[in-house]
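Below is one structure; the comments refer to it alone.
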Amino acid sequence: MKYIIIGGVAGGATTAARIRREDEKGEIILFERGEFISYANCGLPYYIGGKIKNREDLLVQSVTGFSNRYDVDIRTFSEILSIDPSSKSVTVKNRTTGKIYNESYDKMLLSPGAEPFRPQVPGIDDPRILTLRNIPDTDRIKERISSQTIKKVVIAGGGFIGLEMAENLRHSGLDVTIIEMAPQVMAPLDPVMASIVHHELLSNGVRLLLNEAVSAFETIDETLKVILKSGKEVPADIVIWSIGVKPETSLAQKAGLKIGPTGGISVNEYLQTSDDNIYATGDAIEVINPVTGQPAVIPLAGPANKQARIAADNMVHGNISKYKGTIGTGIAKVFKLTAATTGANERTLERFGIQYLTSITHSGSHAGYYPGSEPLSVKILYAPVTGKLLGGQIVGYDGVDKRIDTIATIIGIGGSIHDLTEIEHAYAPPYSSAKDPVNMAGFVADNIIKGKMKVVTWEEADNFNPESDFLLDVRSNQECRHGMISGAVNIPLEDIRFRLDEIPSDKRIIVYCAVGMRGYLAYRILSQNGFSEVFNLSGGYKSYFYAKTDQNNRLS
C-alpha cells in the first residue's frame, strides 16, 4: 500500500506515524510545502515573548529524526500543485529546484491546515503587517520586535492568538493595542464572561478598542498608521494581523472534492472525503458539533491529533473507526487570568434555535480558609427541561483547566447538569472545596430547573423598571458603600425577615448579593412569605460590576 500525506504538523505528521505503527511494509510519502514538518505552533507566541527561550524547543521532530524513526519519505519544500482522483496521482513542485513531477498513491490524507484571513484592505501588503501561523512567521516577528526601534504594536483581532500575543508583547515591554470588530474579545465566551477578560487586559496596560474595524493602512513619514472605520487613527511600528483563519481548501476544490457549507472540506464519520481514497484531518475540515448537530470548522490541535489517529486506522484497515465530532474545548492564558470554553455559547444556540437556560456562579479555586484561594467564575448553558449540558465557560486564576475538562467530559457523553452535581472530585483544602465549583454550578442549575429559583441577567437588572420592579440589595451596609446598582434598596439578608413590610408585594422583586448565594437565601425567604414574583440576579453584583464597568470603559 502506498500512502501520500499532504501537510505535516498535528494532522499530517501524526497520521504518518500512526500508519507506520499499523503498516510496517507500506510506502509513506509526506509532502510539506515549507521546511518544518512537526512543530509546536501553539507555543509560538510564548517563544516570541521570551517565555520559551530556545527556538529548537518548538521543533517536536526534525525531518531526519522523524524519517529515521518511522521510515517515512519526507519531502519538504514540496508544493502539491494538483490532485487527480481519477488516476490517483498528484502533481508536485520542488520549490528548491523548480522540478515538477507526478506521484501516485493508493490512499491519501489531506491535512493542509488553515490560512490567516487577509481581506483586501488598502495597504495590507506593507511588510510591517505580519501574521502568525508557522515558524517562518515567528522568526519574522521575533526579528522585528528585537529591534530597539519597535515600541508600538497593534494587534488586529482579539481571538486566542491575539490575546496570547498581547500578553507576550506586553511582557517584552511594548505598547500594545488590540483592535476588535466585535463588542468583545474571545468570541467563544459570552459577553458577561468576556468582560472579565477585558478587565484583565486593561489592568495590564493593553489598550482595547472594541466595535472597531480596520479600513486601511497608511505610511506617513515612515510611521505606519492603522485607519479605523470610525475615523480613528492608531500609530504602529508593526501590526499583528490576527482576525481569524479559514480552511485551506484550494487543492480539494480543484480536485472536485466536496466542500461543506461552512467552507471546510466535507468528511464523513470516518474522516473520508467525497472520494473514497482521500481522507482529511485538521483545521481544513468541517466536523459535526455534537451539541448542535450542525457542521462547524473548529481549528484546534487536540481534535486534529485525534482525527489523525482515526484517519490512519481507516486508511490502513478500512473504515473501522469513527470520529464523533468536536465540541470546541479551548483555553487561553491572558496574563494571570485563564479563560476556557467548551460546547456552545449563547450566540450559537440562538443561531440554531436551540432553547437553553444559563446560570453563573462565582466560587473559590479551593477552600477559602486555606491560603491562596483565587476567584473562579463559571457559566453553564443547559436545556430547560432535561438539563442536558450544552456549554460551559470558566474564567479565573487557578484550577480553570481541570474544571473545564470536567464540564467538557459531561458534554461529550451527552450528560446533564445533574451529572455535575454528582461529580466525585479529589478534595483537599489546597486543591478544591468539599463542594467543588463544578458541583456548585450544577446545584444552582438544578434549583433553577426545579423551580426553586428564578433568575435574571445583569442586563435585566440594569434595565429594571422602578414602576413595576423593586431592586433589592441584600449585602451588608459596608459592602454597599463600595458600590450598588443604581436605584437598588439595601436590606441586609439578616434583616429581611424583620423588614418584609418595606418590600412591595405588587412588584417584581429582583434580589442580588455579591455572587448569588445570599440572593438565593433571600429569594427563599421571600417566596415563602407571600412574594410570588421574585428573581435572583445570576452571578450577583460581581457579574454586574464586570459587565457594566467594562461597558462604560472599554473604548477609553
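Between atom CG of residue Leu109 and atom NZ of residue Lys107 there is a gap of 12.0 Å, rounded to the nearest 0.5 Å. The line from CG of Leu169 to OG1 of Thr177 is 11.0 Å long, rounded to the nearest 0.5 Å. Atoms CZ and CD1, from Arg128 and Ile238 in turn, are 10.5 Å apart once rounded to the nearest 0.5 Å. Distance NZ/Lys93 to CZ/Arg33: 12.0 Å, rounded to 0.5 Å. Atom CD1 of Ile196 and atom OG of Ser377 lie 4.0 Å apart (nearest 0.5 Å). With rounding to the nearest 0.5 Å, the separation of CD1 in Ile52 from CG in Asp57 is 7.0 Å.
With a 6.0 Å radius and a threshold of 12 heavy atoms from other residues, nucleotides or ligands, Lys88 has its NZ atom above the threshold. The neighbour count for Arg21 CZ, taken as heavy atoms of other residues, nucleotides or ligands under 6.0 Å away, is above 12. The environment of Lys254 atom NZ is dense: over 12 non-hydrogen atoms of other residues, nucleotides or ligands sit within 6.0 angstrom.
In terms of heavy atoms, Ile100 sits closest to Leu81 at CD1-CD1, 4.0 Å. Of all heavy-atom pairs spanning Asn305 and Ala10, the tightest one is ND2-CB, 3.6 Å. Listed here is the closest heavy atom pair of Pro303 and Thr326: CG-CG2, 3.6 Å.
Side-chain N or O atoms of Glu218 include none that pairs as donor or acceptor with a backbone N or O of Val226 at under 3.5 Å. Using modelled atom types, no side-chain atom of Glu22 and backbone atom of Asp313 make a donor-acceptor pair closer than 3.5 Å. In terms of modelled atom types and a separation under 3.5 Å, the side chain of Ser89 and the main chain of Pro85 share no donor-acceptor contact.
Applying the ring-ring contact (aromatic ring centres under 6.0 Å, His included) test to Tyr47 and every residue at least two apart in sequence or in another chain returns nothing. For Tyr270, there are no ring-ring contact (aromatic ring centres under 6.0 Å, His included) partners at least two apart in sequence or on another chain.
When Val287, Asn314, Ile288, Asn268 are each tested for a side chain to side chain contact (heavy atoms under 4.5 Å, CB included) with Tyr323, only one passes: Val287. Exactly one of Thr342, Thr341, Thr409, Thr338 qualifies for a side chain to side chain contact (heavy atoms under 4.5 Å, CB included) with Ile404. That residue is Thr342. Exactly one residue among Lys53, Lys333, Met165 makes a side chain to side chain contact (heavy atoms under 4.5 Å, CB included) with Tyr46. That residue is Lys333. The only option from Lys336, Glu374, Glu200 that meets the side-chain hydrogen bond (donor to acceptor under 3.5 Å, both in side chains) definition with Tyr397 turns out to be Glu200.
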What's the verdict on side chain to side chain donor-acceptor pair (under 3.5 Å) for Asp23 and Tyr3, showing C-alpha distance, side-chain angles and the deciding distance?
CA-CA 10 Å; Asp23 184 358; Tyr3 308 94; 2.8 Å; yes
Hey, mind stepping through Arg133 and Glu115 against salt bridge (charged side-chain N to carboxylate O under 4.0 Å, His left out) and telling me if it holds?
CA-CA 7 Å; Arg133 182 192 181 195; Glu115 59 181 342; 5.7 Å; no
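Judged as a ring-ring contact (aromatic ring centres under 6.0 Å, His included), the pairs with a partner in residues 168-191 (not counting sequence neighbours) are, in order, His171-Phe335.
Between Phe66 and Tyr70, the ring-plane angle classifies as tilted under the 30° and 60° cut-offs.
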